[in-house]
A.B. asks: 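Okay, here's the structure, questions in a sec.
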Number of protein chains: 2
Amino acid sequence: MSTIHDVARLAGVSIGTVSRVLSGNPATSPESRERVREAALQLGYTPNARAQSLRLARTGVIGLSISDVRNPFFADAAHGAEQEALAAGRVTMLANADEDSAIEARYLRAFRAQRVDGVLMSPQGGSAEGARSLVEAGIPVVLLNRTLDGVDAPVVTFDVRQGIEQAITHLRDRGHRRIGLIAGPVSVSTGRARVSAFEAIRDELGLDPAPELVQLADGRRGGGADAAERLLALSPAPTAVLSSNALMSSGAFEAIRGSGAAVELVSFDDQDWMRLVDPPLSVIEQDAAHMGAVAMRLLLELIDGGHPRSVTLPTRLIARG
Amino acid sequence: MSTIHDVARLAGVSIGTVSRVLSGNPATSPESRERVREAALQLGYTPNARAQSLRLARTGVIGLSISDVRNPFFADAAHGAEQEALAAGRVTMLANADEDSAIEARYLRAFRAQRVDGVLMSPQGGSAEGARSLVEAGIPVVLLNRTLDGVDAPVVTFDVRQGIEQAITHLRDRGHRRIGLIAGPVSVSTGRARVSAFEAIRDELGLDPAPELVQLADGRRGGGADAAERLLALSPAPTAVLSSNALMSSGAFEAIRGSGAAVELVSFDDQDWMRLVDPPLSVIEQDAAHMGAVAMRLLLELIDGGHPRSVTLPTRLIARG
DNA sequence: TCCCCGCTCGGAAACGTTTCCACGTGCGCG
DNA sequence: CGCGCACGTGGAAACGTTTCCGAGCGGGGA
């Protein structure tokens, strides 16, 4: 692969001139410009970004660490963030932590070693260590969808209380008084926040406060199915269930349908299939792509030396069932 | 952020010694090892990977260009590939081309500028130019799920003919004689191959050869719905439809259900929701994660100077409906 | 006792850029 | 006619590594 020296030699100028021409520095003669461009084209020259970033301070790369690409919510978020970065002339490096702190740590180390310009991450449960060490190393960090205690970084989240409230009042209005919750793992902030918001609103509305109506799960499909079965085994069983993410909803839906029980399911995150099943699921929609885009804007602001504030996004109830 | 010089100064040794200790070179005294490790820990030193890769030939980063992260098939493939890379001690940089050649080209340029060790890509329609220029620049490339004319790179694909055959014989055995196809875009090789396999097998089995039973779509949800409506508008309408990917199947399913017609739908790619809808969909399962892993192994082999052959993977019929 | 060898280590070059500095050259103006 | 200035350019330093080369030093064998 050819270097700037090859181009300089072919064009008959110094490497300084090549660099100036290619970076659009006006201190170049039309003739040099012509010769250099010609030579670069002929050699198929692509500047070595790693050498550039060694000299320059910045790399133009933004690290994006996502809990699980296969979860459509995060895939959408990543996509939104990526589009925003692209529009700002930056390239994104997506890491898939797979809900595993060890893998996350590994990618964060890689980001750090690569000296990315900033990191956008939806942290894993386990520990806040990874994120904290990035912040302490002076790397701009924005947190996605989940907060992390003791880490000084802006966060973009959805309004958990609002979402839960929309779901519960909807179910209450439809006559339900005994509502179950399939909660995400308490190791992530969203999981914990949902549980407390659920308990608070349930009490405000005077609904059945039985603690066994709150079932913890791991956020995956199988966990959702298991939690749903535990709820169905209660006597009396809840007449409605709220599930905290799309993956768990799919497991819960199958379990409920398999049991033949008449239990109404409401899910966080809207997915195409939720409209297709019978009965269709009412959902608390969270615009993940928008969240990703907003977070990326915050990160870019942070990189440029700003001090952006955290953002809370609204949720929306889509009633179907 | 501290450099190797800072570590050397604090440990009271030369930078050469620091480098040797940290890279595990045995030509170091126990005392140096101790002092260097201590200093590095104290400073929170992380070697600058960009400087390393400038000196070394390799970067340890593999570029992964995917058609669309939000398509679960590709998300799974990316995940499989990533796991494999991780196991081989490499880090993956995921680019989401979004089924857009311009974005793909941009990412491929970035990969090239970053001097990644290799690129695994599922090419967009448009043109083969991006992939070809990588190959010509001497960068190891493996193609995922789609071939590209005139590009000298190994490919990992599913056995298109086998999949189509499984689907059609299944439908034939259930008594269907007039079967529609919702095909992916003909701009990608898989789209074209499916159409010709469909036509060939349909004729071999003596089924209705009407050309309007093959409807082209863009591979997205909306396109699938439109194509399904065109098929339903035929008279007589087909009694069964084969849809080429999960996104289009979801659109087609909704269109068919909305029309009230009794049309059996079979889809490529298995997704959770296909089991949940009523009636459940029979599918031609393609193990995307496995495809990703296989392709990554091929790429690693190519990077190490091998000459791997292209691989064709089997498909599997899961009969449900 | 002397030489040689092996072990550690420091110094320096090299990787491919960008940018500062200094040096012509040509022109306009006093 | 000569001086200064703008403009274009080449050379060199610097970014943070790795690795080669050579040197110092100690010990063991002849």
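Chain naming here is simple, since letters A, B, ... match the order of the sequence lines and numbering starts at 1 in each. Quantities reported herein were computed from a predicted structural model and do not represent experimental measurements.
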A.B. asks: Can you find a pair of side-chain heavy atoms, one from I103(A) and one from Q83(B), that are under 4.5 Å apart?
C.D. replies: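 A side-chain contact under 4.5 Å exists here.
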
A.B. asks: Once you round it to whole Å, what is the distance between P of dT17(C) and CE of M1(A)?
C.D. replies: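 Whole-Å distance recorded here is 11 Å.
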
A.B. asks: I need the CD-P distance between E34(B) and dT8(C), as an integer number of Å.
C.D. replies: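 Distance check: E34(B) CD to dT8(C) P gives 16 Å.
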
A.B. asks: Classify the side-chain pair R20(B)/S32(B) by whether it contains a donor and acceptor separated by less than 3.5 Å.
C.D. replies: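 Side chains of R20(B) and S32(B): no pair found under 3.5 Å.
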
A.B. asks: Below 4.5 Å, heavy atoms only, C-beta onward: do L10(A) and Q42(A) meet side chain to side chain?
C.D. replies: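 L10(A) vs Q42(A): side chains touch.
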
A.B. asks: Hey, are R146(A) and E99(A) close enough for a salt bridge, meaning a charged N less than 4.0 Å from a carboxylate O?
C.D. replies: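 Between E99(A) and R146(A) there is a salt bridge, with a charged N closer than 4.0 Å to a carboxylate O.
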
A.B. asks: Please report the closest heavy-atom contact between F111(A) and G63(A), naming both atoms and the distance.
C.D. replies: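 That would be CZ-CA, 3.5 Å.
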
A.B. asks: May I have the distance from H5(B) (atom NE2) to dG11(C) (atom P), rounded to whole angstrom?
C.D. replies: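 Those two atoms, NE2 and P, are 11 Å apart.
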
A.B. asks: Can you check whether S29(A) has a side-chain N or O nearer than 4.0 Å to OP1 or OP2 of dC7(D)?
C.D. replies: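 So the side-chain polar atoms of S29(A) never come under 4.0 Å of the phosphate oxygens OP1 or OP2 of dC7(D).
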
A.B. asks: Would you mind reading off the distance between R115(B) atom CZ and dC15(C) atom C1', rounded to a whole angstrom?
C.D. replies: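 Those two atoms, CZ and C1', are 12 Å apart.
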
A.B. asks: Please examine the side chains of M121(B) and L143(B), heavy atoms only from C-beta on, and report whether any two atoms are closer than 4.5 Å.
C.D. replies: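 Yes, their side chains come closer than 4.5 Å.
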
A.B. asks: Base, sugar-phosphate, or nothing for S23(B), non-hydrogen atoms under 4.0 angstrom?
C.D. replies: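 Answer is nothing: S23(B) stays at 4.0 Å or more from every strand.
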
A.B. asks: Let me know the distance between CG of L54(A) and P of dG16(C), rounded to the nearest Å.
C.D. replies: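 Roughly 12 Å, once rounded to whole Å.
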
A.B. asks: Once you round it to whole Å, what is the distance between P of dG16(C) and CG of D6(A)?
C.D. replies: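 Spelled out: CG on D6(A) to P on dG16(C) is 9 Å.
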
A.B. asks: Answer with base, sugar-phosphate or nothing: what part of the nucleic acid does T28(B) contact at a heavy-atom distance below 4.0 Å?
C.D. replies: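 The answer is sugar-phosphate, as T28(B) gets under 4.0 Å only of primed atoms, P, OP1 or OP2.
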
A.B. asks: For S53(B), which contact category applies under a 4.0 Å heavy-atom criterion: base, sugar-phosphate, or nothing?
C.D. replies: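 Nothing, no nucleic acid heavy atom in range.
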
A.B. asks: Would the number of heavy atoms belonging to other residues, nucleotides or ligands and lying under 6.0 Å from CZ of R220(B) be above 12?
C.D. replies: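 No.
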
A.B. asks: Can you list, by residue number, the residues of residues 39-52 of chain B that have a non-hydrogen atom closer than 4.0 angstrom to DNA chain C?
C.D. replies: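 Going residue by residue through residues 39-52 of chain B, none turns out to have a heavy atom under 4.0 Å of DNA chain C.
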
A.B. asks: So, do L313(B) and Q286(B) sit near enough that their side-chain heavy atoms are less than 4.5 Å apart?
C.D. replies: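 They are not in side-chain contact.
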
A.B. asks: So which of residues 13-20 of chain A are in contact with DNA chain D, with a heavy-atom cut-off of under 4.0 Å?
C.D. replies: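 Result for residues 13-20 of chain A: V13(A), S14(A), T17(A), R20(A), sorted by number.
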
A.B. asks: Find the distance I4(B):CD1 to dT19(D):P and express it as a whole number of Å.
C.D. replies: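 Distance, rounded to whole Å: 11 Å.
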
A.B. asks: How many whole angstroms separate atom CZ of R9(A) from atom P of dG11(D)?
C.D. replies: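 Atom CZ in R9(A) sits about 14 Å away from atom P in dG11(D).
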
A.B. asks: How close do P308(A) and P154(A) get, heavy atom to heavy atom, and via which atoms?
C.D. replies: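 Heavy-atom minimum between the residues: O-CG, 3.8 Å.
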
